[in-house]
Amino acid sequence: MNVTVFGSGYVGLVTGACLAEVGNHVVCMDVDANKIERLNKGEIPIYEPGLEDLVSRNSEQGRIEFTTDLEKAVDHGLFQMIAVGTPPGEDGSADLQYVLAVAESVGRHMDEYKIIIDKSTVPVGTAEKVRDKIQAVLDERNKSLEFDVVSNPEFLKEGAAIDDFMKPDRIIIGTDNPRTTELLRMLYTPFNRNHDRIIAMDIPSAELTKYAANAMLATKISFMNEMANIAERVGADIEHVRQGIGSDHRIGFQFIYPGCGYGGSCFPKDVQALSRTAKSIGYDSKILDAVEATNYQQKEKLFEKISRFYSGDVSGKKIALWGLSFKPRTDDMREAPSRALLEKLIAEGAIVRAYDPVAMDEARHIYGDLSGLELCESSDSTLEDADALAIVTEWKNFWSPDFSQLAERLRDKAIFDGRNLYEPSALKPFGLRYFAIGRGERLPE
Ligand SMILES: NC(=O)c1ccc[n+]([C@@H]2O[C@H](COP(=O)([O-])OP(=O)(O)OC[C@H]3O[C@@H](n4cnc5c(N)ncnc54)[C@H](O)[C@@H]3O)[C@@H](O)[C@H]2O)c1
């Protein structure tokens, strides 16, 4: 089948590559000429495990190509997938300008029946806006052409995106035309072999399903962070509490790790956008607002601990920082807790020596030569001359460090762990002081 994917970011590139891998002919279109040039040279602009192989194999075999040519892109696919960004607007609601720009282009260049698929995360009512936009441009062109708009939200996780796309938990198809459900069923057949994962529904339900899923996951995290904050104050260890509640099958162990807040390109903006949607229709979403506020506070947690440790004055302190990406196995630093921490430390006069296994280029791109930030070659080299260590991303290579070396090299022998990677008792023999989330040593308020 011929598929066009608009947007060659985390979602668009993975979607295009996976659809090509099973035999489709895919054209990936992006307005970022530099990105397309790099892709055409075989360079992958993002870090996603397995993506480079997948893209190079399929482009060598002629099943995937990259272009900035809109006309060619619209002409190519029966399926026109929209996978462009939907960042938060000024008031926190989803900014639909990129989605609607694609709709405009499709209306401008289509000459036969097309199925337009919203893969981007978009608020309820967006499919209707896309439809209206395309129709308005067709009217302008005096063209009478049939088309359908489908909501098909994407649930892949960065770091495991290819696996998630190839073996999805579910494929949500929101449509008001049964014929399009059948065509999408054909497109997704290779990813739907083991058992039927397709859940067909009306368009508004599909659009809301994506937000509800992300809001639920964010709620679990913020809830657990609140429990950790309570645990700290009552002298409990949140890790015991986590084990205790996770063993209840109704609760489960997934997504109940306490930490220094959630980040990334999805949870923060999606919780916010859903709350703004609710407000726009006169509903006050108390849970969503609390989830967001708790997360905002949680991202300040490590800084507060470090600051209290230094009696409110971190100026001149050198803090080693392990992890920059918002989670392991990605270079994505959008809304990452590392950013809140390093920016606050530097603003207060500290020096941050940071390392991340894959996000160093992204950090350079974001911060350039920011004074006070030293980007290091390895986790080891961050320790040079450092007073204390902060950990914000649970990359596997941080899980089992040489504690005796840490004790020797950290001037103040203090570790601030935003991911609860270590057993507090294991660090004691080395004379290390360990401050984690809802466990470890407590600092006076
Ligand atoms: N990143 C994730 O893990 C994830 C998972 C599920 C859903 N989503 C959703 O998918 C959407 C895309 O997210 P992403 O992380 O891939 O974004 P991204 O920022 O990585 O990529 C978006 C791409 O769209 C391009 N673009 C912008 N306007 C365009 C236009 N008019 N035509 C063609 N290309 C255009 C940009 O240049 C960019 O390359 C968002 O709505 C997001 O919420 C993301």
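Read the numbers this way: they start at 1 and go in the same order the structure lists the ligands and their atoms. Note: hydrogens, waters and symmetry copies are ignored here, and every other heavy atom, side chains too, is used. If you read the sequence from its start, that first residue is 1, and numbering goes on from there.
- Between E37 and K41 there is a salt bridge, with a side-chain nitrogen of the basic residue lying less than 4.0 Å from a carboxylate oxygen of the acidic one.
- Polar contact with ligand 1: present for E158 (N/O pair, distance under 3.5 Å).
- Salt-bridge annotation for E182 and R179: absent, with no side-chain N of the basic residue lying under 4.0 Å from a carboxylate O of the acidic one.
- With respect to K279 and D91, no salt bridge is recorded, no charged nitrogen being found less than 4.0 Å from a carboxylate O.
- Contacts of R334 with ligand 1, taken as heavy-atom pairs under 4.0 Å, involve the side chain alone.
- Atoms of ligand 1 lying under 4.0 Å from any heavy atom of G7, numbered from 1 in the order shown and given with element: 23 (C), 24 (O), 25 (C), 33 (C), 34 (N).
- The distance criterion of under 3.5 Å between nitrogen or oxygen atoms is met by Y10 with respect to ligand 1.
- In this structure, atom 30 (C) of ligand 1 lies nearest to the protein heavy atom V31 CG1, 3.6 Å.
- Using a cut-off of 4.0 Å between Lys/Arg side-chain N and Asp/Glu carboxylate O, K143 and E112 are scored as not salt-bridged.
- Remark: E52 does not engage R57 in a salt bridge, criterion side-chain N to carboxylate O under 4.0 Å.
- Nearest non-hydrogen protein atom to atom 22 (C) of ligand 1 is G85 N, 3.6 Å.
- The shortest N or O to N or O distance between K269 and ligand 1 is below 3.5 Å.
- Among protein heavy atoms, atom 37 (O) of ligand 1 sits closest to D30 OD1, 2.6 Å.
- Interface atoms of ligand 1 facing T86, defined by a heavy-atom separation under 4.0 Å, are 40 (C), 41 (O), 43 (O).
- Protein heavy atom at the shortest distance from atom 21 (O) of ligand 1 is G9 CA, 3.3 Å.
- One finds no salt bridge joining E343 and K299 here, because no Lys/Arg side-chain nitrogen approaches an Asp/Glu carboxylate oxygen to under 4.0 Å.
- Atom 13 (O) of ligand 1 has V11 CG2, 4.1 Å as its closest protein atom, hydrogens excluded (heavy atom only).
- We find that R353 and E374 are joined by a salt bridge, their nearest charged nitrogen and carboxylate oxygen being less than 4.0 Å apart.
- Residue contacts with ligand 1 for M29 involve both N, CA, C or O and side-chain atoms from C-beta outward (heavy atoms, distance under 4.0 Å).
- Close approach of ligand 1 to D32 is summarised as follows: ligand atoms under 4.0 Å from at least one heavy atom of the residue are 37 (O).
- In terms of protein heavy-atom proximity, atom 35 (C) of ligand 1 is nearest to V84 CG1, 3.3 Å.
- With ligand atoms numbered from 1 in the order given, ligand 1 contributes 6 (C), 7 (C) to contacts under 4.0 Å with heavy atoms of E154.
- The part of A83 lying near ligand 1 is the backbone, judged by heavy-atom distances below 4.0 Å.
- Between R141 and D139 there is no salt bridge, since no side-chain nitrogen of the basic residue lies less than 4.0 Å from a carboxylate oxygen of the acidic one.
- The shortest N or O to N or O distance between T121 and ligand 1 is under 3.5 Å.
- When only non-hydrogen protein atoms are considered, atom 5 (C) of ligand 1 lies nearest to L156 O, 3.5 Å.
- Salt bridge E48/R329: absent, no basic N to carboxylate O contact under 4.0 Å.
- Inclusion of K157 in the set of residues having an N or O under 3.5 Å from an N or O of ligand 1 is not warranted.
- The ligand atoms of ligand 1 that sit less than 4.0 angstrom from a heavy atom of K35 are 38 (C), 39 (O).
- Checked against a 3.5 angstrom limit, the closest N/O atoms of V102 and ligand 1 fall outside it.
- Salt-bridge formation is not detected for the pair D118/R131: no Lys NZ or Arg NE/NH1/NH2 atom is positioned less than 4.0 Å from an Asp or Glu carboxylate oxygen.
- For Q297 and N229, the side-chain atoms include no donor-acceptor pair closer than 3.5 Å.
- Taking a cutoff of 4.0 Å between a charged side-chain nitrogen and a carboxylate oxygen, R108 and E140 qualify as a salt bridge.
- A salt bridge between D361 and R364 is present, with a side-chain N of the basic residue lying under 4.0 Å from a carboxylate O of the acidic one.
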